[in-house]
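Below is one structure; the comments refer to it alone.
Because the structure is predicted, anything quoted here is derived from the model rather than measured. Sequence lines set the chain letters: A, B, ... in the order given, protein chains first and strands last, and positions in each chain run from 1.
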Protein chains: 2
Amino acid sequence: MNNTNKAISIPDMRSPCPIANTLDILGDKWTLLVIRDLFAGKSTYSEFQSSPEKIPTNILANRLKRLTENGIILKTPYQERPVRYAYRLTDKGLSLGPVLREMANWGVNNIAATKAQIKMNL
Amino acid sequence: MNNTNKAISIPDMRSPCPIANTLDILGDKWTLLVIRDLFAGKSTYSEFQSSPEKIPTNILANRLKRLTENGIILKTPYQERPVRYAYRLTDKGLSLGPVLREMANWGVNNIAATKAQIKMNL
DNA sequence: TATAGTCACTTGCATAATGCAAGTGACTTG
DNA sequence: CAAGTCACTTGCATTATGCAAGTGACTATA
């Protein structure tokens with residue numbers, strides 16, 4: 001059991017609606033792309049930066065911070081000398097698989113010129 | 001057959017990824033709440049405004065415009081004298097049900113104090 | 001027929017988020 | 001000891017969001 005068993009709490013909820021509250025955490029253009037990259041096997045800051053959408057580095061830093069605070073990802077050093085960090089999904093993060101799967105599915109069915117490049121276990 | 005059979009085209013795609021492209025249409029704090037309201041049976045401007053999250057009216061107008069342009073919703077007058085408009089989901093919009101369902105499901109399982117208020121056919 | 005009210009927005013402006021480029025510090029390799 | 005990599009931070013311009021008030025078409029009531 002890792003640290004994903006505690007629920008996220010949102011200080012000033014705009015409503016009790018689960019969709020609204022989920023959007024307060026994931027509802028922007030970048031957050032779910034970082035999570036997509038994690039599902040695709042990426043784990044370091046520079047790997048996230050190298051994705052084709054070219055996320056600005058300040059936004060990447062901000063999203064990694066927010067996702068960590070919300071218990072969706074975990075930051076750990078994977079080597080010393082020099083110390084290098086890996087981010088990975090917690091159970092809470094892994095449980096976003098179905099959300100990503102349905103979004104990807106909707107995209108391929110409804111947006112022209114979209115192509116799933118790699119097969120992910122969502 | 002209604003007008004939902006044409007795929008959305010995104011002028012300057014940031015990548016061919018279906019998740020990235022879906023986020024370019026739905027990735028913000030408000031768009032999916034309007035769609036949620038439509039799934040919940042709401043259809044007029046004032047009904048959307050009355051939802052507990054209190055969407056600013058300029059943002060509501062903007063989102064209804066964008067969703068219409070993307071073929072996700074349809075605007076039709078439902079009465080003359082005075083003319084009143086109803087928005088409703090196209091087939092493309094209805095196919096977002098699974099996305100909403102998985103987001104709602106993730107919210108109830110991972111965010112404290114979230115409560116699904118009404119049962120929706122997602 | 002003046003007055004008030006509703007609906008579906010629009011406008012103006014302040015605040016916050018995003019986007020771009022450059023810089024920083026710890027560390028390693030040649 | 002110079003150059004490079006990693007994981008960021010900072011400064012600033014641009015864009016989006018949020019709030020309040022206003023608009024115009026229409027109706028219902030006095």
Can you tell me how far the [atom1] atom of [X] sits from the [atom2] atom of [Y], to the nearest 0.5 Å?
X      : Y     : atom1 : atom2 : result
B:L38  : B:T90 : CG    : OG1   : 10.0 Å
B:N105 : A:I19 : CG    : CD1   : 10.5 Å
B:W106 : A:L26 : CH2   : CG    : 5.0 Å
A:I25  : A:E69 : CD1   : CD    : 11.0 Å

*Which residues, if any, of residues 17-32 of chain B bring a heavy atom under 4.0 Å of DNA chain C?*
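Residues of residues 17-32 of chain B that come under 4.0 Å of DNA chain C do not exist, since none gets that close.
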*asked:* For DNA chain C, which residues of residues 37-48 of chain B approach it to below 4.0 angstrom with any heavy atom?
replied: B:T44, B:Y45, B:S46
*Among residues 49-66 of chain A, which residues get a heavy atom nearer than 4.0 Å to DNA chain D?*
A:T57, A:N58, A:A61
*Contact boundaries of DNA chain D with chain B (under 4.0 Å, heavy atoms), 5' to 3'?*
D:dT17 to D:dT27
Quick one: side chain to side chain contact (heavy atoms under 4.5 Å, CB included) partners of [X], sequence neighbours excluded?
X     : result
B:T57 : B:Y45, B:Q49
A:S46 : A:T44
B:P52 : A:S15
B:P98 : A:E102, B:R101

*Could you name each residue pair satisfying side chain to side chain donor-acceptor pair (under 3.5 Å) that touches residues 74-83 of chain B, not counting sequence neighbours?*
none
Can you give me every donor-acceptor pair (side chain of residues 112-122 of chain A, partner residue at least two apart or in another chain, under 3.5 Å) with its distance?
residue	atom	partner	partner atom	Å
A:T114	OG1	A:G107	O	3.4
A:T114	OG1	A:I111	O	2.3

Could you list the donor-acceptor pairs under 3.5 angstrom formed between side-chain atoms of residues 28-36 of chain A and any protein atom two or more places apart in sequence or on another chain?
residue	atom	partner	partner atom	Å
A:D28	OD1	A:T31	OG1	2.4
A:D28	OD2	A:W30	N	2.7
A:D28	OD2	A:T31	N	3.1
A:D28	OD2	A:T31	OG1	3.4
A:D28	OD2	A:R63	NE	3.2
A:D28	OD2	A:R63	NH2	3.3
A:K29	NZ	B:L23	O	3.4
A:T31	OG1	A:R63	NE	3.2
A:R36	NH1	A:E53	OE2	2.8
A:R36	NH2	A:E53	OE1	2.8

*By salt bridge (Lys or Arg N to Asp or Glu O under 4.0 Å) - contacts of A:D37 (at least two apart)*: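 Expected list: none.
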